[in-house]
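Report on the following structure.
These figures come from a predicted structure and were not determined experimentally. Residue indices begin at 1 and follow the sequence shown.
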Amino acid sequence: MKKKALSLLLSSAMVVSLAACGSSDSSTSTTTDSSAKTEASTETKTDAAAETSSYELTELNMVVNGTLTATVDNGQAEFEKQWEDAVSEKLGHSIDLKIQQLDHSGYIDAVGRLFAGGDYPDVMIMSAEQFKQYAPTGLLWDMADAYANADFQSRITLPAINENLKDSEGHLYGFAPTYGNGCVTYIKKAWLDALGINADDIKTYDDYLNMLVRFHEEDPDGNGVAGDTYGVVAAGFLGNEAPYINYLPEFWQDAYPALVQDDNGTWIDGFQTDATKAALLRLQDAYNKGAIDPESLTASTKIAREKWFSNDQTGSSGVFTYWAGSWYQTLTDNLIKNEVNEELVMLEPIAEVGAYLNREAPVWVIIDDGDGDNAREQAIFDAFIETMMDGDVVQTLWTYGAEDVHWSTKAETFTINAGTDKEKTYEYADGEFHLKQSPNDPNSVWKKNHLDPALVISPLTNGFVDESDLAAAGNKFFTENCVDAPASPTSETYTNESGTIYDAKMAVVTEVVTKNGDVDAAMQTYVDTVGGIIDQCLAELNQ
């Protein structure tokens, strides 16, 4: 896709992209403009429902975050090649797929910088909040008709996921292949056992905080030193995307520090509520007691994860709230790999929390080139989204990765953690679908690629199913203990100023939690800084 074709959209998109930039670091790879050739009419179309001209897509640029598990060092080249072969066979012509995978923790910032530079991909993934910010800009293609006529419509088992993404006029600017999922609180059982704590007794916030304090003040890791561990580590005290509070739910409880609808459907600023002030004071108290790892203020998801399952548990924590389902297995595998006791307990939501939050689903979007002709965008939909849900070869690539790299149906025997008490041998007969050893870690078994088979809206039809007992248990636990997160706001001012608002929130969090600042004074600074912006957002949302 050529930059020139998008020049008319650049001004509005840059407002969004610059507002989205925060403080996270991210790494990017080189963007290559995609090229394609028009085979027929270039007649201008002014309606997404208009008949489109024929278009042959020869190159497709994709931007994705860490949700694509087949990374550069973990079989991405093979995934890309097999995708190209399978899609080319389906469409009758070759397409060169170019994957630009941005750092997961800094994805919002990286996308902002990408767009500000005028480097637009053809298709990319967005969080629910990103999607709602970009949808009104004219940058995203309305795929409502393409979605309605897609071959996979007859196989969809969760139609509400994408129907709920449509705006009031029926436009559909993004596609969610799965439902959202969410986080649950994991506790190291060995730490509980060392201190004689029963997880079933952790019913209230006081119970939870007492456990965290004991994890800090005593010697739960058994290294003979008290006070060198923490209660909980998190990837930030407050997230920069919905549902914001999912990494520390026990502290936030009934607070939702974002623009949110109250019981009457009126939009309010949840950050200015008494509930948020109470949550900040809980965080302050726990921080002062050593219950929270101080690195949580700035830690990325990667840093928090690796610190938690490190083979050196000094400075680690007993509790980590992270994604449910397949991550239950992944966290366990990493503990095993690092020779740390791998038994985990998933904590039932404490009374003050009630339920974990199921986030709004991430979506795939197609960039609209603004020429009024839908041919190119329809070609991208057909090549990318239609095939992603084919129920067979391509969907298997998105679900499990590359054949004979990440999974196989060939007879095979392999052993992981050989020579240790965690040694395990896997043996499969010819024709038996199974996951293989991870390409970059022979002591772990591959789990999934991008699509979680337990969350997908349209299941595979080829019978390929490989979900571990832990992943299945994790998904079951979450679905039994979750409620949907509040809807994210859609406001022009919020779209433009969300980065500024988030920075003002983090100034309050930093001042109150880590510096023992007065919560009312810090909140007043927040109001003085962005109060006018918030008022304008609320006026637009409530009009």
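Looking at Thr276, its side chain does come within 3.5 Å of a backbone N or O of Gly270 through a donor-acceptor pair. Ser317 places no side-chain N or O within donor-acceptor distance of the main-chain N or O of Val319, the cut-off being under 3.5 Å. A donor-acceptor pair is defined here as one N or O able to donate and one able to accept, closer than 3.5 Å; such a pair exists between the side chain of Asp207 and the backbone of Thr204. Of the possible polar contacts, none joining the Ser310 side chain to the Gln313 backbone as a donor-acceptor pair under 3.5 Å is found. Between the side chain of Gln284 and the main chain of Val512, a donor-acceptor pair closer than 3.5 Å is present. Panel note: side chain Glu352, backbone Tyr205; a donor-acceptor pair is recorded below 3.5 Å. Remark: side-chain polar atoms of Thr69 are paired, donor with acceptor, to backbone N or O of Asn449 under 3.5 angstrom. A donor-acceptor pair under 3.5 Å is formed between the side chain of Lys188 and the backbone N or O of Trp308.
Aromatic pair His216/Tyr230: centroids less than 6.0 angstrom apart. Taking the six-membered ring for Trp and the full ring otherwise, Tyr186 and Tyr322 have centroids separated by 6.0 Å or more. Between Tyr256 and Tyr244, the gap from one ring centroid to the other is short of 6.0 Å. Aromatic pair Tyr120/Phe115: ring centres closer than 6.0 Å.
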Worksheet entry | Asp122/Lys98 under salt bridge (Lys or Arg N to Asp or Glu O under 4.0 Å): CA gap, chis, key distance, verdict | CA-CA 10 Å; Asp122 296 316; Lys98 295 185 179 299; over 6 Å; no

Fill in: Chi angles and distances behind the salt bridge (Lys or Arg N to Asp or Glu O under 4.0 Å) call for Lys132, Glu360
CA-CA 11 Å; Lys132 291 189 177 183; Glu360 295 176 280; 2.8 Å; yes

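Here Lys422 pairs with Glu342 in a salt bridge; the nearest charged N to carboxylate O distance falls below 4.0 Å. At a threshold of 4.0 Å, the pair Lys302-Asp103 does not count as salt-bridged, since none of the basic side-chain nitrogens sits closer than that to a carboxylate oxygen. Ion pairing between Lys289 and Asp285 holds under the 4.0 Å rule for side-chain N and carboxylate O.
Pairing each heavy atom of Leu347 with each of Ala199, the nearest pair is CD1-O, 4.0 Å. In this structure, Tyr328 and Ala473 approach most closely via the heavy-atom pair CE2-CB, 4.5 Å. The shortest heavy-atom contact between Ala324 and Gly474 is CB-O, 4.1 Å.
The cationic atom of Arg359 (NZ for Lys, CZ for Arg) lies less than 6.0 Å from the six-membered ring centre of Trp323 and within 45° of the ring axis.
Within 6.0 Å of atom CG in Asp469, 12 or fewer heavy atoms from other residues, nucleotides or ligands are found, so the atom counts as exposed in its surroundings.
Shown are Val232, Asp221, Ile187, Asn210; of these, the side chain to side chain contact (heavy atoms under 4.5 Å, CB included) with Phe215 is made only by Ile187.
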